[in-house]
Amino acid sequence: MTEHESSAITETPWVNPRDPALALGADGLPARSRRAPQWVDVPDEKWNDWRWQLSNRVNTLDEVGQVLNLTDEEREGLTADDKFRVDITPYFASLIDPDDPNDPIRRQVIPLGREHEAFTAMMEDSLAEDRHSPVPGLVHRYPDRVLMLVTTQCASYCRYCTRSRIVGDPTQNFNRREHEAQLEYLRRTPQVRDVLISGGDGLTLAPKLLESIIRGIREIPHIEIIRIGSRVPVFLPQRVDDELCEMLARYHPLWINLHFNHPNEITPEVSRAVDKLSRAGIPIGNQSVLLAGVNDCVHIQRALVHKLVENRIRPYYLYQCDLVEGSGHFRTPVGKGLEIMEGLRGHTSGYAIPTYVIDAPGGGGKIPVMPNYLISYSDHKVVLRNYEGYITTYEEPETYQKHDQATCAYCQHERPEPGQSGVLGLLEGERMWIEPKGFEDIHSRGNTQAHRLQDPSKWVPFGVGAIEGRAGRPLPVLEAGTAETNGTKPRGATYGPGEEPRPREGEPTASAHGELL
Ligand SMILES: *Cc1c(COP(=O)(O)O)cnc(C)c1O
Ligand code: SF4
């Protein structure tokens, strides 16, 4: 290498290849997601302008039919008179595969005829929000925090929306007088320390109006944190501009929770938008809804949480689908959520694991699906208690179209992990205990020591053969320690990971060392 070459290398700014906000496309420019054919000629200034995206949303049968090849059931859904509002930004509609009726983004925003089917335990206001509203739009359910609905408008509309009774309806919108009444309630309610701005979607408000609401909250001395729950960065990442981020940063401490349900929603545009919010000092979380036909699959959920964490978004909640009109065909049994949680804990970083919650039918608040709160789980009914001791039941769906593993690309790319099956046999009463599978050769050591960590094949690196679904060739077992690092090891002995002998009576251990300190 000549001197000239080496100085050229040091002067080239280093681009972090892992940062999704810096991803480049094939043309060397910042990566962009697909545009549906009818929008390819729209100039970039327009396409990247959030106002253009909002005013060019698609909603009629004709407009949607130009973007997607519609099925009969979608035509039925789109022409139903009393349907929940349809409106999709061109950006978000372009992410849909026009020929795949099961596209996970499509299923979230394109109505089906069956959306009108009623189901057992269906309610209009399943969380009894209206009953917990001291003033219109302010839901005061928990002692120290409130939900403040500031608008009924969203950037696009989700078919399973829990607030479809008011959302999307411009005649039910909240105006300045109502915002003032909400603020007045907060001023005279000192126990409230946390205000969650939602709707609808507060980030669809005119920038000045949004700021005046946030400032109104910030001027109240006892309000410690402000949170915004928004799907705008998902439907309309163009809205997250410098001006918005600078404005939000003036009102810290402010947190944001987004709402991603599927990895396909995390595009380069989204990565850049979320990066901007993070740089404005806003911690970002994610709330997903467990939806049949969209994300009722442990492999999809794992891919989703990994992509979220890569974008510095912390998974917060995984919601059981509410008992709300229109959501019947999205509902899954609670066992599906438990299976997903089982497939995350231990298998991935703790950072990547949300809390699985059921929002209590009847309005008891969010209840984690965990032993303390899960009172009973029997045929068709899950009995839960909330933090106050309030008891509620969640009716399981009567029909559930099982996730199709054979056609799911995420299932096909499953990362094999030995010793992770067999719980079903226990639940069904075939046996009373199970031992991790794949360790038959070391069973002679006794059950307590036949631990899965002792199988060297577990350490086959992900992506080196294993991703193909073949158990790759195990790596050679490393020498456990050397003479320098492990003085107690007999010379020449080799141990597999986890096979080291336990300390004998009286021998120093790491924990004994800790006690001495
Ligand atoms: C979700 C929600 C909150 C916030 O709950 P966290 O568990 O603190 O995130 C507050 N009020 C209402 C009415 C809610 O639905
Ligand atoms: S963004 Fe939220 S409030 Fe708006 S339609 Fe979707 S779920 Fe409902």
Side-chain angles (χ1 to χ4, degrees), residues 57 59 83-89 92 105 107-109 111 125-134 137-169 172-174 182 186 191-205 224-236 239 255-261 265 283 285-289 291 294 314-322 324-327 330 354-368 373 386-387:
R57 285 181 288 186
N59 46 55
K83 65 176 178 302
F84 176 57
R85 177 157 165 191
V86 175
D87 238 344
I88 310 153
T89 56
F92 201 64
I105 289 186
R107 291 282 51 85
Q108 294 181 59
V109 291
D125 179 11
S126 76
L127 309 180
E129 292 188 329
D130 295 344
R131 197 150 46 74
H132 287 93
S133 295
L138 201 88
V139 188
H140 193 175
R141 176 175 349 266
Y142 295 105
D144 70 336
R145 55 206 189 281
V146 297
L147 172 65
M148 183 173 174
L149 307 180
V150 297
T151 174
T152 59
Q153 304 298 295
C154 296
S156 300
Y157 294 90
C158 317
R159 304 324 299 164
Y160 52 83
C161 179
T162 198
R163 261 174 232 128
S164 51
R165 69 186 186 284
I166 51 168
V167 162
D169 183 350
Q172 292 205 59
N173 212 347
F174 300 101
Q182 295 172 338
L186 295 178
Q191 71 265 38
V192 177
R193 45 163 286 285
D194 172 357
V195 177
L196 166 50
I197 299 175
S198 183
D201 198 319
L203 295 190
T204 61
L205 288 176
E224 296 167 7
I225 63 168
I226 299 176
R227 297 195 246 179
I228 300 177
S230 175
R231 227 187 163 194
V232 156
V234 186
F235 291 139
L236 184 66
R239 174 67 188 94
W255 296 54
I256 283 189
N257 256 334
L258 303 178
H259 172 179
F260 295 95
N261 292 322
E265 293 167 334
N286 184 62
Q287 319 197 120
S288 295
V289 184
L291 299 166
V294 175
R314 171 77 157 94
Y316 181 60
Y317 283 146
L318 172 64
Y319 284 99
Q320 182 70 8
C321 196
D322 288 329
V324 67
E325 276 171 36
S327 70
F330 285 121
T355 305
Y356 176 37
V357 294
I358 299 183
D359 217 337
K366 287 171 265 271
I367 306 183
Y373 302 94
N386 80 344
Y387 71 101

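First listed ligand is number 1; within each ligand, the first listed atom is number 1. Any value given below was found using the heavy atoms of this structure, including those in side chains, with hydrogens, waters and symmetry copies removed.
Side-chain contact, N257 with H259: no donor N or O sits under 3.5 Å from an acceptor N or O.
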Could you list each nitrogen or oxygen of ligand 1 that sits under 3.5 Å from a protein nitrogen or oxygen, with the atom names and the distance?
from, atom 1, to, atom 2, distance (Å)
ligand 1, 7 (O), Y317, OH, 2.5
ligand 1, 8 (O), R145, NE, 2.7
ligand 1, 8 (O), R227, NH2, 2.8
ligand 1, 9 (O), R227, NH1, 2.9
ligand 1, 9 (O), Y316, OH, 2.6
ligand 1, 15 (O), K366, NZ, 3.0

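Between R165 and D125 a salt bridge is recorded (basic side-chain N to carboxylate O distance below 4.0 Å).
Per-atom contact check: atom 1 (S) of ligand 2 touches the protein, criterion being a heavy-atom distance below 4.0 Å.
Between the side chain of N386 and the main chain of G365, no donor-acceptor pair closer than 3.5 Å is present. Proximity of a side-chain donor or acceptor of R239 to a complementary backbone N or O of A155 within less than 3.5 Å is not detected. With hydrogens and angles ignored, the 3.5 Å screen pairs a side-chain donor or acceptor of N173 with a backbone N or O of T152.
With sequence neighbours excluded, the residues forming a ring pair (Phe, Tyr, Trp, His ring centres under 6.0 Å) with F92 are F235, listed by chain and number. Listed by chain and number, the residues in a side-chain hydrogen bond (donor to acceptor under 3.5 Å, both in side chains) with T162 are D322 (sequence neighbours excluded).
Of all non-hydrogen atoms in L149 and I166, the two that sit nearest each other are CD1-CD1, 4.1 Å. Heavy atoms only, all atoms of each residue included: V324 and S327 are closest at O-OG, 2.7 Å.
Side-chain contact check for V192 versus H140: some heavy-atom pair is nearer than 4.5 Å.
Here 1 is the count of protein N, O or S atoms positioned under 2.8 Å from atom 4 (Fe) of ligand 2, waters not counted.
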